[in-house]
Undergrad: 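One structure, as structure tokens, below. Some questions next.
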Amino acid sequence: MIIEDNIETFNSLLKRRGFIWGPSPEIYGGLAGFYSYGPAGMALKNNILTLFRRELRAFGFGEVECPTIMPEIVWKASGHLERFIDPVLKCEKCDTLVRADKFLQESFPDLMIDGMSYEKMQDLIHNNELKCQKCDTPFGKIEEYNLMLKTEVGAGNIAYLRPETATTTYLLFNRLDQDTRKQYPVKVFQYGKAYRNEISPRQQVLRMRAFDQFELQLFIGKDQEMDFEDYEAIKKVKMPLLDWRLQEQHVDTPKMISSEEALNKKILKKPAYAYCLHLAFYLTKILGYPDEIIRFRQHSPNERAHYADDAWDLEIKTTQFGWVEICGVHDRTDYDLKRHGEFSNQNFEISMGNDPKKKEIPQILEIAFGPDRIIYTLLECAFTVEEAGKENRIVLKLIPELAPNTLAIFPLKKNNAQLTALAKNIYKSMIEARIISFYDEKGAIGKLYRRQDELGTPFCITVDHQSLEDNTVTLRDRDSMQQIRLNVSELSKHVKTKII
RNA sequence: GCGUUCGUAGUGUAGUGGUAGCAUGUCGGCCUUCCAAGCCGGUGACCCGGGUUCGAUCCCCGGCGGACGCACCA
């Protein structure tokens, strides 16, 4: 069979093998920006989450979970209500939609549009008779496009679905401060859904309207940011950094430099922030991405979010969509707690060092992963079509820990009751050893192997006639297709050493 | 959101104003001592709504969805 090594083959694999389905609900034609994960996709996602949770526990992070719906005041305080509502101009004739502020900035490069009130923008448009670029119809009124999904709770209380998990984590600060016994930095993360009403979602799960976030937060003192204990151990580690000044010179390949060097050259400002970049890099690397397709890209000052003092995106190079952000590292300063302190009348000014009189609002450093984007990019870079004998085969070269199945067990032939019985017994014992295993006998042995290759199963066991005599089986490696003979008693130990 | 274009079994496709063919998958059976073998049998589709028509999967209108371009992407 000829299998083409192209993106269409990959996209159909996602559907055929149960990784990603959608837009959901498919039987009703779908709603743009919403996707479902099938069993394989969900298994992969859970394996990623398990790996992350295990690592973060080791790094001293606690996990929290907050409601996905929060009252209006939260989003007033966070700034999202103001900044997530875009002023737009809709042409009455051709329905073209443009961002009012961006459109004005282009029309009047010398004026400071950012921060201008809608009324002033409106006047500017009216007085200068600005027109739609497509059909030359004069623009009318500025309308609001809200990127947050609005809802009502109880009898008419306005609330919004969270556009990020981070803000909901910050609302727990005083609880966390007590809970962690004021040991700074307070390290915490939250995994969960966030919602954004994208104008036109595209690129599959990369820009969904309901998506996952996995966000780490450090609540940290100003002094500690500059003198950060854990920084020492990682300061020599090189990372692929592409700062915004390089980008201005149209450079798009990162430089491998260490945190120490980046701080010396003023590319980075704070050791604690450098540590966050390192942590993001570490968590990305353990998922098995090859080095060449990872880079950190710094936001230029006008690209940054409203809360950020510094921001770097960790990006993965994809075939289908170019560089894709899977993680953003943000220096949110004291912006969030300052605002929530003001709006809630809480006092978040606390002593974070040895001097009880010196009080400050904690700084926040954030590492925000998008698990959906991890899943997509990981699958794309694991996807391989390679020669196998006369034909070729599709292999998902996921690291063993992440594969939906760790082990598959087959009888060499299914019309031999002894072979199938032994294979089923081995399957049972593997399940009992809690190795994620899969039994299959439907098809010739070659087909059984290929099915598992498409799912990324790292190991396949085949029970043959020799097995009936000496209790050994063949263990086949996914990538090399090489087989070794092992005694059944050694199986679980052997497999477990490979998946750690 | 606008423009162009497309929408047929699970997947990939052919085709038609008289309800559809191929490949592959999948299921059952036979066969098979290691990499998508073979044989037999089964399964399964025209995105949704309206219109024109005796009759629409095909033509027209609207919607939904995908791709590409523009805009948007804190």
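Chain letters run A, B, ... following the sequence lines, proteins first and then strands; every chain starts at 1. All heavy atoms count here, side chains included; hydrogens, waters and symmetry mates do not. Small disclaimer: the values here were computed from a predicted structure and weren't measured.
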Undergrad: Rounded to whole angstroms, how far apart are CD on A/E315 and C1' on B/C73?
TA: 13 Å

Undergrad: Let's see if you get this right: which residues in residues 457-476 of chain A place a heavy atom under 4.0 Å from RNA chain B?
TA: A/T462, A/D464, A/H465, A/T474, A/R476

Undergrad: Return the nearest nucleotide to the side chain of A/R202; candidates are B/G69, B/U32, B/G66.
TA: B/G69

Undergrad: Can you tell me how far P of B/U11 sits from CG of A/L13, to the nearest Å?
TA: 13 Å

Undergrad: So, for A/Y160 and A/F84, is the gap between ring centers shorter than 6.0 Å?
TA: no

Undergrad: Please give, in whole Å, the distance from B/C34 P to A/L448 CG?
TA: 13 Å

Undergrad: Identify which nucleotide among B/U33, B/G66, B/C27 has an atom closest to any side-chain atom of A/R451, counting heavy atoms from C-beta outward.
TA: B/C27

Undergrad: Can you name the nearest heavy-atom pair linking A/F219 to A/V188, along with the distance?
TA: CE1-CG1, 3.7 Å

Undergrad: If you check the A/N415 side chain, which of B/A37, B/G65, B/U32 turns out closest?
TA: B/U32

Undergrad: Distance check needed: B/G7 C1' versus A/K15 NZ, whole Å only.
TA: 11 Å

Undergrad: With a 3.5 Å cut-off and no angle check, do the side chains of A/Y376 and A/Q203 form a donor-acceptor pair?
TA: no

Undergrad: Checking contacts here: which listed nucleotide (B/U26, B/C73, B/G1) is nearest the side-chain heavy atoms of A/I199?
TA: B/G1

Undergrad: In this structure, how many angstroms lie between the P atom of B/C30 and the CG atom of A/N416, rounded?
TA: 13 Å

Undergrad: Side chain of A/K413 only, heavy atoms from C-beta on: which candidate in B/U33, B/A36, B/C35 is closest?
TA: B/U33

Undergrad: So that I can tick it off, tell me whether A/R83 and A/E164 are bridged by a salt bridge, with the cut-off set at under 4.0 angstrom between side-chain N and carboxylate O.
TA: no

Undergrad: Under the 3.5 Å rule, do the base of B/C72 and the side chain of A/R207 count as making a donor-acceptor pair?
TA: yes

Undergrad: Can you pull out every salt bridge (charged side-chain N to carboxylate O under 4.0 Å, His left out) where at least one residue sits in residues 461-472 of chain A? Sequence neighbours excluded, please.
TA: A/D464-A/R485

Undergrad: side-chain hydrogen bond (donor to acceptor under 3.5 Å, both in side chains) between A/D310 and A/Q298: does it pass, once the steps are laid out?
TA: CA-CA 8 Å; A/D310 194 6; A/Q298 188 179 29; 3.0 Å; yes

Undergrad: Salt bridge check, A/D212 against A/K193: does any charged N sit closer than 4.0 Å to a carboxylate O?
TA: yes

Undergrad: State which of B/G28, B/A36, B/G66 makes the closest approach to the side chain of A/K447.
TA: B/A36

Undergrad: CZ of A/F34 versus P of B/G66: gap in Å, rounded?
TA: 11 Å

Undergrad: For the pair A/Q217 (side chain) and A/I364 (backbone), establish whether a donor and an acceptor sit closer than 3.5 Å, ignoring hydrogens and angles.
TA: no

Undergrad: Send over the distance from A/F410 CZ to B/U33 P, rounded to a whole Å.
TA: 18 Å

Undergrad: Looking at A/E198 and B/C73, is any side-chain donor or acceptor paired with a base atom of the opposite kind under 3.5 Å?
TA: no

Undergrad: Taking the minimum atom-to-atom distance to the side chain of A/Y449, which one of B/U32, B/C2, B/C35 wins?
TA: B/C35

Undergrad: Could you tell me whether A/S200 contacts a base, only the sugar-phosphate backbone, or nothing, with contacts defined as non-hydrogen atoms closer than 4.0 Å?
TA: base

Undergrad: Show me the dot-bracket string of RNA chain B, counting Watson-Crick or G-U pairs under 3.5 Å, with | for pairs to another strand and [ ] for crossing ones.
TA: (((((((..((((....[..))))((((((.......))))))...(((((..]....))))))))))))....

Undergrad: To check you understand the geometry: which heavy-atom pair defines the closest contact between A/C66 and A/L172, and what is its length?
TA: SG-CD1, 3.6 Å

Undergrad: Specify the separation, in whole Å, of atom CG of A/L455 and atom P of B/U11.
TA: 16 Å

Undergrad: From the options B/U11, B/G29, B/A36, select the nucleotide whose nearest atom is closest to the side chain of A/R450.
TA: B/A36

Undergrad: Can a salt bridge be assigned to the pair A/K15 and A/E26 using a cut-off of 4.0 Å between side-chain N and carboxylate O?
TA: no

